[in-house]
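Heads up, the thing below is written out as structure tokens.
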Amino acid sequence: MWNFLYWHKKWERNSRSSAAAGTGRARNIPPSLQHVQGEARRSSSSRKAQKEQRIMTTTICSLTHPVIFIFDHSSEEVEIPDYDESAGVSTTSSCISIGAIADVDGDITISLINEYPKTPSIEICDQVVATPNNTISVVTADDTKLLETNTNNKEARVRVLVNNRNHPDNITIVIT
């Protein structure tokens, strides 16, 4: 874990210095981080050719309030569910809330993918969510949009997989 954090900090410094120099993004992304930002760098034709690379987007962050929400952030017709800490997940027809770990306990990795992963995980939710504007977002309790992807329908099937039912630090969201 320390090695990953070392390379992540180094990559962030390189990204900032490259952006300040006007060169766009950093050129030397360490191999340990290529899976995190890989899809953002590939062209659409390359994405189709890389069928085994299922990650649409991934973020690593810390949460002040240990809950995230999944809904169409551009819609005004979202009903936020009351969060039930004992269940770990709460849903309405337009939103899913998921408990996670707080920032004092460490970082959390959140991934949006479009195919069910083959890695073992605990599925805590399988819900159809209304997406009136054909987008689905992962949002913090502070209304900060972490991830977003387009959907092709007015509703999307959302399955949430975690590594720990009570205090997950790795959340995978499968959108189909």
Side-chain angles (χ1 to χ4, degrees), residues 1 4 8 29 31-63 66-75 78-81 83-101 105-141 144-176:
M1 182 67 173
F4 176 78
H8 182 68
I29 297 174
S32 62
L33 290 178
Q34 288 178 353
H35 73 282
V36 175
Q37 296 294 332
E39 279 298 305
R41 291 190 324 275
R42 290 189 178 94
S43 67
S44 61
S45 60
S46 175
R47 272 188 227 128
K48 291 175 186 172
Q50 297 276 336
K51 187 72 173 171
E52 61 277 351
Q53 181 70 18
R54 293 185 312 264
I55 295 177
M56 295 165 67
T57 52
T58 296
T59 188
I60 299 171
C61 60
S62 59
L63 302 172
V67 63
I68 61 169
F69 300 95
I70 304 167
F71 62 94
D72 186 344
H73 195 257
S74 59
S75 174
V78 176
E79 181 185 348
I80 305 293
Y83 178 66
D84 180 7
E85 188 175 342
S86 64
V89 63
S90 300
T91 65
T92 64
S93 62
S94 58
C95 181
I96 300 171
S97 70
I98 304 162
I101 61 169
D105 294 326
D107 290 339
I108 182 170
T109 303
I110 304 170
S111 301
L112 278 175
I113 62 175
N114 57 3
E115 291 181 17
Y116 205 85
K118 294 177 180 154
T119 57
S121 300
I122 303 166
E123 183 172 309
I124 60 168
C125 183
D126 186 348
Q127 173 84 20
V128 174
V129 175
T131 57
N133 297 317
N134 295 344
T135 62
I136 197 142
S137 306
V138 179
V139 181
T140 67
T144 303
K145 191 185 325 178
L146 299 174
L147 301 170
E148 184 172 71
T149 189
N150 292 326
T151 63
N152 294 328
N153 298 315
K154 297 294 182 189
E155 55 185 31
R157 181 178 180 190
V158 178
R159 291 179 283 181
V160 180
L161 308 165
V162 295
N163 64 334
N164 183 312
R165 187 175 297 279
N166 297 324
H167 302 288
D169 64 357
N170 192 338
I171 299 174
T172 302
I173 303 161
V174 183
I175 308 293
T176 55

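All heavy atoms count here, side chains included; hydrogens, waters and symmetry mates do not.
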Checklist entry - Please walk me through it: do I136 and D72 pass side-chain contact (heavy atoms from CB on, under 4.5 Å)? => result CA-CA 4 Å; I136 197 142; D72 186 344; 5.9 Å; no
What are the two closest non-hydrogen atoms of [X] and [Y], and how far apart are they?
| X | Y | value |
| --- | --- | --- |
| R159 | E123 | CD-OE1, 4.1 Å |
| A141 | F69 | CA-CE1, 3.8 Å |
| I98 | V89 | CG1-CG2, 4.2 Å |

So how far is it from [X] [atom1] to [Y] [atom2], rounded to the nearest 0.5 Å?
| X | Y | atom1 | atom2 | result |
| --- | --- | --- | --- | --- |
| L146 | T59 | CG | OG1 | 6.0 Å |
| N133 | T151 | CG | OG1 | 9.0 Å |
| I70 | L112 | CD1 | CG | 7.5 Å |
| T91 | Q127 | OG1 | CD | 4.0 Å |

Next on the checklist: Run the ring pair (Phe, Tyr, Trp, His ring centres under 6.0 Å) test against H167 and tell me which residues pass, sequence neighbours left out.
Outcome noted: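 Per chain and number, H167 pairs via ring pair (Phe, Tyr, Trp, His ring centres under 6.0 Å) with no residue.
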Within the distance-only criterion (no hydrogens, no angle test), does the side chain of [X] pair as donor or acceptor with the backbone N or O of [Y] below 3.5 angstrom?
| X | Y | result |
| --- | --- | --- |
| S75 | V78 | no |
| S90 | P81 | no |
| K145 | V139 | no |
| S94 | E79 | yes |
| T135 | N150 | no |
| T131 | N153 | yes |

Next on the checklist: For E155, is the CD atom crowded, meaning more than 12 foreign heavy atoms sit under 6.0 Å from it?
Outcome noted: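 No, CD of E155 has 12 or fewer neighbouring heavy atoms, counting only those of other groups under 6.0 Å.
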Next on the checklist: Against I96, only a single residue in I80, V129, I124 fulfils side chain to side chain contact (heavy atoms under 4.5 Å, CB included); can you say which?
Outcome noted: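 So, applying the side chain to side chain contact (heavy atoms under 4.5 Å, CB included) to I96 and each of I80, V129, I124, only V129 qualifies.
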Next on the checklist: Please enumerate all residues that pass side chain to side chain donor-acceptor pair (under 3.5 Å) together with D126, with sequence neighbours excluded.
Outcome noted: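 With sequence neighbours excluded, D126 shows a side chain to side chain donor-acceptor pair (under 3.5 Å) to R157, given in chain and number order.
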Distance-only check: which donor-acceptor pairs under 3.5 Å involve side-chain atoms of residues 169-176, not counting sequence neighbours?
{"unit_1": "D169", "atom_1": "OD1", "unit_2": "N163", "atom_2": "ND2", "d": "2.5"}

Checklist entry - Between H73 and F71, how do the two ring planes meet: parallel, tilted or perpendicular, split at 30° and 60°? => result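 Answer is tilted, since the angle falls between 30° and 60°.
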Next on the checklist: For a side-chain contact (heavy atoms from CB on, under 4.5 Å) check, start with the C-alpha distance between I108 and C61, then their side-chain angles and the critical distance, and finish with the verdict.
Outcome noted: CA-CA 5 Å; I108 182 170; C61 60; 3.7 Å; yes
